[in-house]
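Worksheet: the structure to be examined is printed underneath.
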Amino acid sequence: MAATDFKDYYAILGVSKTASSEEIKQAFRKLARKYHPDVNPNNKQAEARFKEVSEAYEVISDPDKRKKYDQFGQYWKQAGEGFPSGGASPDMGNFDFSQYGNFDEFINELLGRFGGANPRGGGRQNQSRSYSYRTSPGTSTHFSSSSFNDFGFQDGGASSTQDSEAVIALTFAEAFNGVKKRFSLGNETIDVNIPSGAKTGTRLRVRGKGQINPMTQQRGDLYLKVELQPHTFFQMEGDNLVCEVPITPDEATLGASIDVPTPDGSVNVKLPAGVRSGQSLRLRGKGWPLAKGGRGDQLVKVAIVPPKDLSQQEREYYEKIRAIRTYNPRSHLNQFRL
């Protein structure tokens with residue numbers, strides 16, 4: 001295995017191998033903001049860097065994926081140095097990494113892309129088979145939620161041994177608006193219209209695009225499982241779209257009107273006086289498209305952020321407020337003891 005095969009995701013995010021999940025998240029958000037396509041339109045280099053950063057975060061932000069990635073890194077290093085005892089590959093947590101011909105095969109299976117690895121010498125056998133899919137860039141188009149009827153939501157796995165599965169990664173914009181994707185299935189190329197409202201875990205069925213049953217000569221179906229790539233501002237919680245908006249201490253105390261981004265653009269939101277950090281405000285009908293039609297809600301989580309650099313006048317006023325303040329949020333704590 002060539003040394004160039006391996007990608008050091010820790011180096012890509014600029015964190016140490018012992019970095020905490022919070023440190024990894026902060027590093028990703030910083031880099032994602034810097035290289036996001038919306039900030040760097042028509043910049044292919046920035047787009048490639050954004051995808052690389054997103055892939056790194058997807059792997060090492062997940063404890064299970066991170067553990068297996070670290071084990072593969074150890075295997076790759078030992079493979080480059082030569083294994084002891086006649087060159088036999090070591091056992092890495094009861095997992096045989098030698099089945100992968102290169103890093104891409106390993107990472108594609110880890111992330112569920114392209115239907116997994118192509119093990120040398122056989123490998124695991126699955127009841128439902130998977131193609132190696134490639135998507136080519138296409139024009140994003142808008143589809144109504146009723147378009148889901150062309151695919152259908154699936155609660156279980158593929159129903160036939162000739163059905164095929166693949167994971168498809170979508171940006172938030174692609175999933176929200178709907179998008180057309182082109183797939184290569186061996187010598188066949190198909191265009192798939194993915195309707196608006198898909199989210200992580202959504203299963204879409206493309207009829208008659210699975211493998212051919214050698215006994216009946218009938219073709220199974222292709223199942224696409226959606227995974228949303230991380231977004232720098234929006235997240236999903238069930239059917240709700242969630243975001244975190246920073247506010248100042250005076251806005252929290254006195255109330256204010258602030259602009260909040262939504263998928264349709266900014267809207268003005270009134271903050272009630274006395275709003276607390278972590279409290280959520282609900283924007284009805286501003287969230288994710290629903291399969292049954294309409295939109296879910298957008299939840300705006302409030303984060304009170306004190307200023308770090310105060311002007312002299314600001315500092316004087318804060319000191320005056322402290323001197324005359326009557327409210328003590330910790331007054332009830334003196335009753336607690338063991």
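Between D221 and G208 the shortest heavy-atom distance is OD1-N, 2.8 Å. Residue R66 comes nearest to I60 through the heavy atom pair CD-O, 3.4 Å, listed as atom of the first residue, atom of the second, then distance. Of all heavy-atom pairs between T171 and Q229, the closest is CG2-OE1, 3.4 Å. Shown here for K180 and N193, the closest heavy-atom pair between the two residues is CE-OD1, 3.1 Å. Taking both residues in full, the closest heavy atoms of F50 and Y35 are given as CB-O, 3.4 Å, listed atom of the first, atom of the second, then distance. When all heavy atoms are compared, the tightest approach of M236 to L228 is CG-CD1, 4.0 Å.
There is no path of hydrophobic side-chain contacts, each under 4.5 Å, that joins L13 to V39. The cluster map of Ile, Leu, Val, Met, Phe, Trp and Tyr, joined by side-chain heavy atoms under 4.5 Å apart, puts F233 and V269 in the same cluster. When hydrophobic clusters are built by joining Ile, Leu, Val, Met, Phe, Trp and Tyr residues whose side-chain heavy atoms come closer than 4.5 Å, directly or via intermediates, I190 is grouped together with I194.
Partners of V242 according to the side-chain contact (heavy atoms from CB on, under 4.5 Å) rule, which considers only residues two or more places apart in sequence or in another chain, are E237, L299, K301. Checked against salt bridge (charged side-chain N to carboxylate O under 4.0 Å, His left out), R49 has the following partners two or more places apart in sequence or in another chain: E52. Under the rule for a side-chain hydrogen bond (donor to acceptor under 3.5 Å, both in side chains), N43 has no partner lying at least two apart in sequence or in another chain. Listed by chain and residue number, nothing satisfies the side-chain hydrogen bond (donor to acceptor under 3.5 Å, both in side chains) test with N40 (two or more places apart in sequence, or in another chain). Taking the side-chain hydrogen bond (donor to acceptor under 3.5 Å, both in side chains) definition, one finds that D62 meets it with nothing, sequence neighbours left out. Listed by chain and residue number, R182 satisfy the salt bridge (charged side-chain N to carboxylate O under 4.0 Å, His left out) test with D191 (two or more places apart in sequence, or in another chain). Residues satisfying the side-chain hydrogen bond (donor to acceptor under 3.5 Å, both in side chains) test with Y57, not counting sequence neighbours, are none.
Within a 6.0 Å radius of CG in N42, other residues, nucleotides and ligands contribute 12 heavy atoms or fewer. A 6.0 Å sphere centred on CD of E188 holds more than 12 heavy atoms belonging to other residues, nucleotides or ligands.
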Subject >> Full working for salt bridge (charged side-chain N to carboxylate O under 4.0 Å, His left out) between K51 and E47 >> reply: CA-CA 6 Å; K51 290 180 179 179; E47 182 180 357; 3.6 Å; yes
Subject >> F6 vs Y69, ring-ring contact (aromatic ring centres under 6.0 Å, His included): CA-CA, chis, key distance, verdict >> reply: CA-CA 10 Å; F6 187 78; Y69 169 79; 5.5 Å; yes
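Within the structure, salt bridge (charged side-chain N to carboxylate O under 4.0 Å, His left out) contacts touching residues 252-273 (residues at least two apart or in different chains) are D264-R295. Note on residues 318-338: no pairs pass side chain to side chain donor-acceptor pair (under 3.5 Å), not counting sequence neighbours. Screening residues 247-295 for ring pair (Phe, Tyr, Trp, His ring centres under 6.0 Å), with sequence neighbours left out, gives F172-W288, F176-W288.
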For residues 273-287, please give each side-chain donor-acceptor pair under 3.5 Å, one per line with the distance, not counting sequence neighbours.
| from | atom 1 | to | atom 2 | distance (Å) |
| --- | --- | --- | --- | --- |
| S277 | OG | I304 | N | 3.2 |
| Q279 | OE1 | R276 | N | 3.1 |
| R282 | NH1 | D297 | OD2 | 2.9 |

Give the table of side-chain donor-acceptor pairs shorter than 3.5 Å for residues 245-256, with sequence neighbours excluded, one pair per line with atom names and distance.
| from | atom 1 | to | atom 2 | distance (Å) |
| --- | --- | --- | --- | --- |
| T248 | OG1 | D250 | OD1 | 2.9 |
| T248 | OG1 | E251 | N | 3.3 |
| T248 | OG1 | E251 | OE1 | 3.2 |
| E251 | OE1 | T248 | N | 2.9 |
| T253 | OG1 | P249 | O | 2.9 |

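Side chain of N240 to backbone of Q298: no donor-acceptor contact under 3.5 angstrom is found.
Here the rule is side chain to side chain contact (heavy atoms under 4.5 Å, CB included) with Q26, and of E22, K30, R29 only E22 fits it.
From L224, atom CG reaches atom CD of E165 across 10.0 Å, with rounding to the nearest 0.5 Å.
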